[in-house]
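Atoms considered below: every heavy atom in the structure, side chains included; atoms not considered: hydrogens, waters and symmetry mates.
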Amino acid sequence: MLPQNLQLRPIDLARRHGLSTQAVRNYEAAGILPPAGRTEHGYRTYTPRHELALRTFLALLPGHGHRTATAIMRAVNRGAAEDAFRLLDESHAQLLDDRRTLQAVEAAVGDLEPVPPERGATFVGPLSRRLGLRPATLRKWERAGVVQPPRDPHTGYRVYRAADVRDARLAHQLRRGGYPLERVAALIAQFRTAGGLEPVEPMLRDWHARLTARSRAMLSGAAALDAYLSP
């Protein structure tokens with residue numbers, strides 16, 4: 001453990017963590033680090049407390065993301081620990097929601113079987129309400145190739161068959177899981193071509209791995225934050 005009265009320069013903190021000195025200054029300006037002391041000539045001086053703050057922030061980043069990790073450190077540094085705990089709780093709740101989303105995707109994938117086109121036909125309005133989306137989103141997905149509803153020959157309206165509804169449900173869950181629209185469109189196109197689950201299964205495994213990595217990262221971040229909060 002470093003002596004608490006040890007004075008550190010910005011470059012000392014930067015080198016310890018593979019950062020630039022400007023990044024260290026930016027973190028201080030953002031409230032991630034406590035305010036630095038100043039020499040009589042105006043140069044910044046940091047202490048082991050600043051080094052611990054930086055280490056804590058970098059430990060929080062992988063599990064919580066830059067915005068939440070920054071907000072947590074700001075709250076702690078201004079003495080609002082309860083605000084920091086609330087942010088942690090919200091982040092964990094989001095992770096749990098992401099896990100439930102993955103479970104919903106896996107359930108949806110389990111239902112991806114060929115469906116007779118005459119069953120389950122609907123229009124853009126009812127389908128968008130069922131999924132909690134705007135009709136414009138479904139039309140955007142159509143342009144991207146995610147769904148391919150035919151047009152009613154008499155009215156010109158889009159008619160979403162059961163297979164289109166299936167594709168829209170899967171796309172909605174994958175988008176909630178953080179996958180870009182281009183990747184979702186490619187996945188569903190592969191599914192249509194392959195006629196099976198082979199294109200989906202590697203993505204689900206990757207999703208599981210990313211959630212597990214976030215969980216472990218949150219544990220590491222919590223340990224670092226607990227050390228920072230300790231007197």
Determine whether more than 12 heavy atoms belonging to other residues, nucleotides or ligands lie under 6.0 Å from atom CZ of Arg78.
yes
Return the minimal non-hydrogen interatomic distance between Ile32 and Met73, and the atom names on each side.
O-CE, 3.6 Å
Nearest 0.5 Å, please: how far is OG1 in Thr137 from CG in Leu131?
10.0 Å
Rounded to the nearest 0.5 Å, what's the gap from NE2 on His50 to CG on Leu8? Could you check?
9.5 Å
Less than 4.5 Å apart, side chain to side chain, heavy atoms only: is that true for Phe57 and Thr70?
yes
Which atom pairs, one a donor and one an acceptor, fall under 3.5 Å between side chains of residues 88-96 and the rest of the protein, sequence neighbours left out?
| residue | atom | partner | partner atom | Å |
| --- | --- | --- | --- | --- |
| Glu90 | OE2 | Arg86 | NH1 | 3.1 |
| Ser91 | OG | His64 | ND1 | 2.7 |
| Gln94 | NE2 | Asp98 | OD1 | 2.9 |

Tell me the closest heavy-atom pair linking Pro150 and Arg161, and the distance in Å.
CD-NE, 3.5 Å
Around Arg151, counting heavy atoms of other residues, nucleotides and ligands shown, do more than 12 lie under 6.0 Å from its CZ?
yes
How long is the gap from CG on Leu13 to CG on Leu19, to the nearest 0.5 Å?
8.5 Å
Is Ser215 close to Met218 at the side-chain level, that is, under 4.5 Å between some pair of heavy atoms?
no
What about Leu33 and Leu229, same hydrophobic cluster or not, with Ile/Leu/Val/Met/Phe/Trp/Tyr joined at side-chain heavy-atom distances under 4.5 Å?
yes
So CG of Asn77 and CD1 of Ile72: to nearest 0.5 Å the spacing works out to 11.5 Å
Scanning both residues in full, the closest heavy-atom pair of Ala171 with Trp141 reads CB-CZ3, 3.8 Å
Charged N to carboxylate O under 4.0 angstrom, Asp164 versus Arg158?
no
Derivation and outcome, salt bridge (charged side-chain N to carboxylate O under 4.0 Å, His left out), residues Asp206 and Arg210
CA-CA 6 Å; Asp206 172 68; Arg210 289 190 290 115; 3.2 Å; yes
Looking just at side-chain N and O atoms, do Tyr160 and Asp167 make a donor-acceptor pair shorter than 3.5 Å?
no
Measuring from atom CG of Leu61 to atom OG1 of Thr68, what distance do you get when rounded to the nearest 0.5 angstrom?
10.0 Å
Say whether Leu127 and Phe123 are linked into one hydrophobic cluster, either directly or through other cluster members, by side-chain heavy-atom distances under 4.5 angstrom.
no
Kindly give the heavy-atom pair with the smallest separation between Gly63 and Ala217, and that separation in Å.
N-CB, 3.6 Å
Has the side chain of Arg49 got a donor or acceptor atom that lies under 3.5 Å from a matching backbone atom of Tyr228?
yes
At what distance, to the nearest 0.5 angstrom, does CZ of Arg99 lie from NE2 of His208?
8.5 Å
Leu52 versus Ala227, closest heavy-atom pair with distance
CD2-O, 3.9 Å
